[in-house]
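Proteins come first, then strands; the chains are lettered A, B, ... in the order of their sequence lines, and each starts at number 1.
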Amino acid sequence: MEYNFREIEKKWQEYWNAHKVYQVKEDESKPKYYVLDMFPYPSGAGLHVGHPLGYIASDIYSRYKRLCGFNVLHPMGYDAYGLPAEQYAIQTGQHPYITTRKNIERYREQLDKIGFSFDWSREVQTCDPAYYHWTQWAFIQMFNSYYCYDAQQARPIEELIEAFEQVGAKPLHAACSEEYTFTAGEWKEKSVCEKQKILMNYRIAYLGDTLVNWCSTLGTVLANDEVINGLSERGGYPVEQKMMRQWCLRVSAYAQRLLDGLDSIDWTESLKETQRNWIGRSEGAEMRFKMKDSPVEFTVFTTRADTVYGVTFMVLAPESELVDLLTAKEQRSEVEKYVEAAKKKTERERMADKKVTGAFTGSYAVNPVTGEAIPVWVSDYVLAGYGTGAIMAVPGHDSRDYAFAKHFNLPVIPLIEGCDVSQESFDAKEGKLINSPQKGKEKEGSLVLNGLEVYQAIAKTKLYLEEKGLGKVKVNYRLRDATFSRQRYWGEPFPVYYDANGMPQPVPLDKLPLKLPDVDTFLPTETGEPPLGRAEKWAWDSVNGQVVETWRIDNITIFALERNTMPGFAGSSAYYIRYENPRNGKALVDKKANDYWGNVDLYAGGAEHATGHLIYSRFWNKFLYDSGVIKDEEPFRKLINQGMIQGRSNFVYRINNSNTFVSLNLKNGYEVTPLHVDVNMVHNDILDREAFRNWRPEYKTAEFITEDGKYICGWTVEKMSKSMFNVVNPDNIVEKYGADTLRLYEMFLGPLEQSKPWDTNGIDGVHRFLKKLLALFFGHTDSVNVSTDKPAADELKSLHKLIKKVTFDIEHFSFNTSVSAFMICINELTALKCNKREIVEPLLILLSPFAPHIAEELWHGMGNKTTIVEAQWPRCKEEYLKEDVITYAVSFNGKTRFNMELPAGTARQDAEKAALTHQAAAKWLDGKTPKKIIVVPNKIINIVI
RNA sequence: GCUCGGAUGGUGGAAUGGUAGACACGAAGGACUUAAAAUCCUUUGGCUAUUGCAGCUGUGCGGGUUCAAGUCCCGCUCCGAGUACCA
């Protein structure tokens, strides 16, 4: 009897595959459960041990739910569009499709080896035209919709046109980039082209001039979540702000719903918090300022309306359109110089540069409350993209304004009683107001704030502003619209052409998918157009409704197609819906399929997608919900984040100027250089010296100074990467120990959510557990040997303890403790020499989600004809868990003195009596009568003397 | 700066307010073996005992609540993650 995991695992993987064991379809007789993993981007490096962590956890949960009688949808696919494949294509000329397909094959091979219960018949790939058909379709739906604030949902754009025709723009509450006030009459007067331009301002997918994150090295724009600390997430290249005409998604219209929806879903608090911060709701007021010497007006946003008496200057963002309007003649050259300098700086430089800079525009605004004239400045500490791109500066109570005021010698007015602003500003929102007109001494109708608490003063000022028509209460969100164009080849083409007026028109729905054309090279064109600009034979014939391979300038029915492609998150925003009905050529999802499967019950993936994918998906889902395509408003009901698996690097210590290596604990006597060594040559920190000598030619003659005949390596925790030689592929582990050991070990490593370094130091213990399990089944024979005898009480107890623990742990995603529970149970049963069928059969069912291959093998070895997948999860019977005797810890004045065993079910009074009359008690009682006795059933008896 | 986590043996980590350190690794000792591997047994937080069966101490630090605190409350220290000229 030997644990031949290679044979066992191969056998059952082939069996499951051949018998389509994990394929599911809608089944009204069973409750559904949808378990989803974030689908991987198939990179060239293949899967490493960090990837399967979440997959194993969700697979355990899927298998568990299946055994509990649920119809479980557990699909997998690939996020196949992405930058690395394109960059590889630029270098090698190989089409990204080829590399992507190759990588997918490798991923599939690796995944198959681990024994997941995916329904591969539902696989999707985002680069497959049959899939991106529906990405393009959704885009057109967004193009043809606007967001109505009254209905709080997306509505067809035709309804907006109708409203314009009847009442004009002013009374409507619709999400837009710029407010319009035209009347119904004025609307009707407008040309077709003008109307199109106005509608663009309202569409949910719109073409707009926006400030974008431009990364010149990558040659593309990036979304906010793709920029980290002013550098591109991919590659770490500098990013600058640039005004560009781009496709955008009006995500901001959904800000409030995205925020509110968080309360209805079961995600970790930290992830919800991250999204709340990203959405960044802030309540405040918009205040209108008039200029002293010109008719121009502008508004600012503030959360501290109460500080209006402390405004000593105004600041405009350098990119603000107001700069040009408000700059006085004599200051023009200085301001222009400043704005130019600011524009040249990248986002990162601006952040790094904490120096205070700015320029005076030479003009003055009028404080709407006091009537005083206040100077208007330009400075890059004010952002064009947030609020109105202009602020009222209150140096007394805002540290940034304070720094600016001190630098340019502007006055600082304290507004809170007792605060000291001689060294720094007082930013806290607390205290009593001063320095506004005194009650009784104020002019008629002026705003009196003195003596009020800050929150009262804010409320009063808002009210005052609204009454006097000087401003309005306003909620601002940090969440901005998503830029949706990428100047890249390897992405979904926009289903859009530009008509004779240069206006974008959607490709008719029945002509989708609009396929990605071939190009000769994947670089931008010489004229700076995106790579698709090289597709010369790629145009749209609007009369015949098809892609044509010709450019005929004289024929006005042949139009240019959009040359940008969609970003990475386009394909990943609704893939979970497509899994429900993946081969449907008529719709994204059939209504019946979606009614049955609904949203994702459990979503497993990394927390790094908090502000990207997980926001976009929620937005996309809400849009589809508004459009009546799907039935649930939130895509992912419960979300678990697996931690990151870091690399555990190993070092050898070379004695300087020699080829001799000294073991870790002996290195102190020498001058040594630590060198990274491939972790695959190290086991339990002991170096395989032969493998090391063969690793590289220069180590061929290496000498070792060992301890007890072993060379011990040093170690440290780093990111898993090729250059550190610490990448561990799951294949190696599967080859050496088997998939079941890998699965159990990854779970045993620690709590799922926690980031932890990968080390194989404990893997033997898990492997040993499986061997013990086999020993229990086989005894000393070569075939499975189970007895049909009735189990004894202690055997039943051991099993039911396990059922209770494992069921509880799986429900709470505490997989590491359930693996421990299996080990305890097997140790107990081994000690009892128990191989009784009534015990080991349920045990195998419990184990099957964790180690499906060996469980299946033994299940069949016992004579079962069906697969273990069809078994039923065992129920825990509490009556087997009852203790005969209960151990009480008896303590005196809180100190435990002795343990005492009493029969289960002993009455409280009898327990008290027994504790006092116990022979050991006399020592502490010392003849005294106790003041108080506390009996905690099953636990402790505390006697207070 | 702000927000959210975390701190328990040599290591990974267990502990609904109720005997802290489950389980596993590693280490030490032993059995089997010509030997090794494999397997099995014993010990393993620290200190004091160990011809004394036990005692003391102990969950980052300082307080508090409680009969009882790793767990709850207050105040620190350190570490990690996210986010940031957001007005």
Side-chain angles (χ1 to χ4, degrees), chain A residues 2 228-229 268-278 280-282 284 300-305 307 315 317 350-351 353-354 356 379-383 385-394 397-401 403-404 427 476-480 607-608 610-611 643-644 648 684-685 715 744-745 748-751 753-766 768-769 771-772 775 805 808 814 816-827 830 887-899 930-945:
Chain A
E2 206 180 303
I228 292 163
N229 287 331
T268 60
E269 208 40 53
S270 79
L271 208 122
K272 287 188 188 182
E273 200 55 34
T274 307
Q275 289 214 341
R276 286 194 192 105
N277 289 340
W278 190 258
R281 181 190 157 98
S282 101
V300 299
F301 175 75
T302 178
T303 53
R304 291 292 302 272
T307 59
V315 188
R350 273 203 202 181
M351 277 185 200
D353 196 0
K354 295 278 179 201
V356 177
S379 173
D380 65 4
Y381 82 90
V382 174
L383 304 177
Y386 183 77
T388 60
I391 61 153
M392 59 180 222
V394 186
H397 301 282
D398 182 289
S399 45
R400 295 153 303 174
D401 297 344
F404 194 84
D427 289 15
N476 241 333
Y477 298 91
R478 200 179 77 102
L479 184 72
R480 280 179 250 175
E608 67 272 19
T611 54
M644 249 207 314
R648 188 178 185 279
N684 289 352
D685 287 338
W715 60 273
L744 282 165
Y745 184 59
F748 186 67
L749 219 46
E753 327 79 61
Q754 213 166 82
S755 284
K756 53 221 153 196
W758 173 261
D759 75 83
T760 49
N761 286 348
I763 200 163
D764 289 318
V766 173
R768 217 166 277 158
F769 154 73
K771 286 186 179 173
K772 282 183 198 165
K805 177 79 176 141
F808 181 87
S814 173
N816 56 331
T817 52
S818 35
V819 176
S820 293
F822 280 113
M823 291 176 175
I824 295 168
C825 185
I826 288 298
N827 285 345
T830 304
T887 306
Y888 287 86
V890 182
S891 66
F892 290 84
N893 288 341
K895 295 235 167 181
T896 304
R897 299 299 177 172
F898 61 89
N899 292 331
K931 281 183 197 154
K932 195 156 91 176
I933 306 177
I934 294 135
V935 179
V936 180
N938 292 321
K939 299 294 178 191
I940 214 163
I941 299 176
N942 195 354
I943 298 166
V944 185
I945 307 161

Side chain of A:N827 (C-beta onward), nearest among B:A15, B:A87, B:C23: B:C23
Using the C1' atom on both, measure B:C73 against B:C79 and round to a whole Å. 23 Å
Please work out if A:K772 contacts a base, only the sugar-phosphate, or nothing of the nucleic acid, heavy-atom cut-off 4.0 Å. sugar-phosphate
In whole angstroms, how far is the C1' atom of B:A84 from the CZ atom of A:R478? 8 Å
Work out how far the C1' atom of B:G52 is from that of B:A69, and round it to whole angstrom. 33 Å
Is any side-chain N or O of A:Q754 closer than 4.0 Å to OP1 or OP2 of B:G13? yes
Between B:C25 (P) and A:L744 (CG): distance, integer Å: 14 Å
Derivation of the side-chain contact (heavy atoms from CB on, under 4.5 Å) call for A:V382 and A:R400: CA-CA 10 Å; A:V382 174; A:R400 295 153 303 174; over 6 Å; no
Expressed in whole Å, how much space separates the P atoms belonging to B:G26 and B:U65? 46 Å
Pick the P atom in B:U3 and in B:U16, then give their distance to the nearest Å. 29 Å
side-chain contact (heavy atoms from CB on, under 4.5 Å) between A:E753 and A:T268, intermediate numbers included: CA-CA 10 Å; A:E753 327 79 61; A:T268 60; 5.9 Å; no
Quick check for you: among B:C23, B:C85, B:U83, whose closest atom lies nearest to any side-chain atom of A:T611? B:U83
Span that lies between the C1' atom of B:U19 and that of B:U71, in whole angstrom: 16 Å
For atom P, what is the distance between B:A87 and B:G6, given to the nearest Å? 28 Å
On the 0 to 90° scale, with breaks at 30° and 60°, tag the A:F822-A:F769 ring pair as parallel, tilted or perpendicular. tilted
Kindly determine whether A:V819 and A:Y745 satisfy side-chain contact (heavy atoms from CB on, under 4.5 Å), including the steps that lead there. CA-CA 9 Å; A:V819 176; A:Y745 184 59; over 6 Å; no
Write down the distance between CZ (A:F822) and P (B:A14), rounded to a whole number of angstrom. 17 Å
Length of the CD-C1' vector between A:E269 and B:C4, whole Å: 9 Å
If only side-chain N and O atoms of A:R768 are considered, is one of them under 4.0 Å from the OP1 or OP2 phosphate oxygen of B:U39? yes
Would you classify A:D401 as touching base, sugar-phosphate or nothing, given that sugar-phosphate means primed atoms plus P, OP1 and OP2, and contacts are heavy atoms under 4.0 Å? nothing
Where do A:F301 and A:G387 come nearest, in terms of heavy atoms and distance? CB-CA, 4.4 Å
So if I take every side-chain heavy atom of A:F748 and compare against B:C23, B:G13, B:C25, which nucleotide ends up nearest? B:C23
Closest to the 5' end of RNA chain B, once A:T303 and A:S270 are matched to their nearest nucleotides, is A:S270
Options B:C85, B:A84, B:A24, nucleotide nearest the side-chain atoms of A:W278: B:A84
Within the structure provided, determine whether A:I763 and A:F748 are in side-chain contact (heavy-atom separation under 4.5 Å). no
Nucleotide nearest A:D380 (side chain, heavy atoms from C-beta), chosen from B:C85, B:C25, B:A24: B:C85
Interatomic distance where CG belongs to A:N277 and C1' belongs to B:C4 [whole Å]: 9 Å
B:A87 phosphate, OP1 or OP2, under 4.0 Å from A:Y386 side-chain N/O: yes
Which listed nucleotide (B:C85, B:A87, B:C86) is nearest to the side chain of A:I391? B:A87
Using a heavy-atom cut-off of 4.0 Å across all strands, would you classify A:R281 as base, sugar-phosphate, or nothing? nothing
Please classify the nucleic acid contact of A:R276 as base, sugar-phosphate, or nothing, using heavy-atom distances under 4.0 Å. nothing
Interatomic distance, A:K772 atom NZ to A:N827 atom CG [nearest 0.5 angstrom]: 4.5 Å
Mind calculating the distance between CG (A:D427) and P (B:A87) to the nearest angstrom? 11 Å
Relative to the 5' end of RNA chain B, which residue comes earlier, A:L749 or A:R304, by the nucleotide with the nearest heavy atom? A:L749
Take the protein atom CD of A:E608 and the nucleotide atom P of B:C4, then report the distance between them rounded to whole Å. 22 Å
If you measure from the P atom in B:C61 to the same atom in B:G70, how many Å do you get, rounded? 12 Å
Kindly determine whether A:I391 and A:D398 satisfy side-chain contact (heavy atoms from CB on, under 4.5 Å), including the steps that lead there. CA-CA 12 Å; A:I391 61 153; A:D398 182 289; over 6 Å; no
Value rounded to 0.5 Å, distance of CG in A:D427 from CZ in A:R304: 8.5 Å
Whole-angstrom distance between B:C78 and B:G64, as gauged at atom P: 24 Å
Between B:G26, B:A38, B:G13, which one does the side chain of A:D764 approach most closely? B:G26
Nearest-neighbour nucleotide for the A:R400 side chain, B:A38, B:C23, B:A87 considered: B:A87
Defining pairs by Watson-Crick or G-U wobble geometry with both distances under 3.5 Å, how would you list the stems of RNA chain B with at least three pairs each? B:1-7 with B:77-83, B:10-12 with B:23-25, B:26-31 with B:39-44, B:45-48 with B:54-57, B:60-64 with B:72-76
OP1, OP2 of B:A24 versus side-chain N and O of A:N816: anything below 4.0 Å? no
Using O4'-C1'-N9-C4 for purines and O4'-C1'-N1-C2 for pyrimidines, with syn meaning within 90° of 0, is B:G9 syn or anti? syn
Round to the nearest Å and state the distance from A:N476 atom CG to B:A87 atom C1'. 10 Å
Any heavy-atom pair between the side chains of A:L749 and A:W758 that's under 4.5 Å? yes
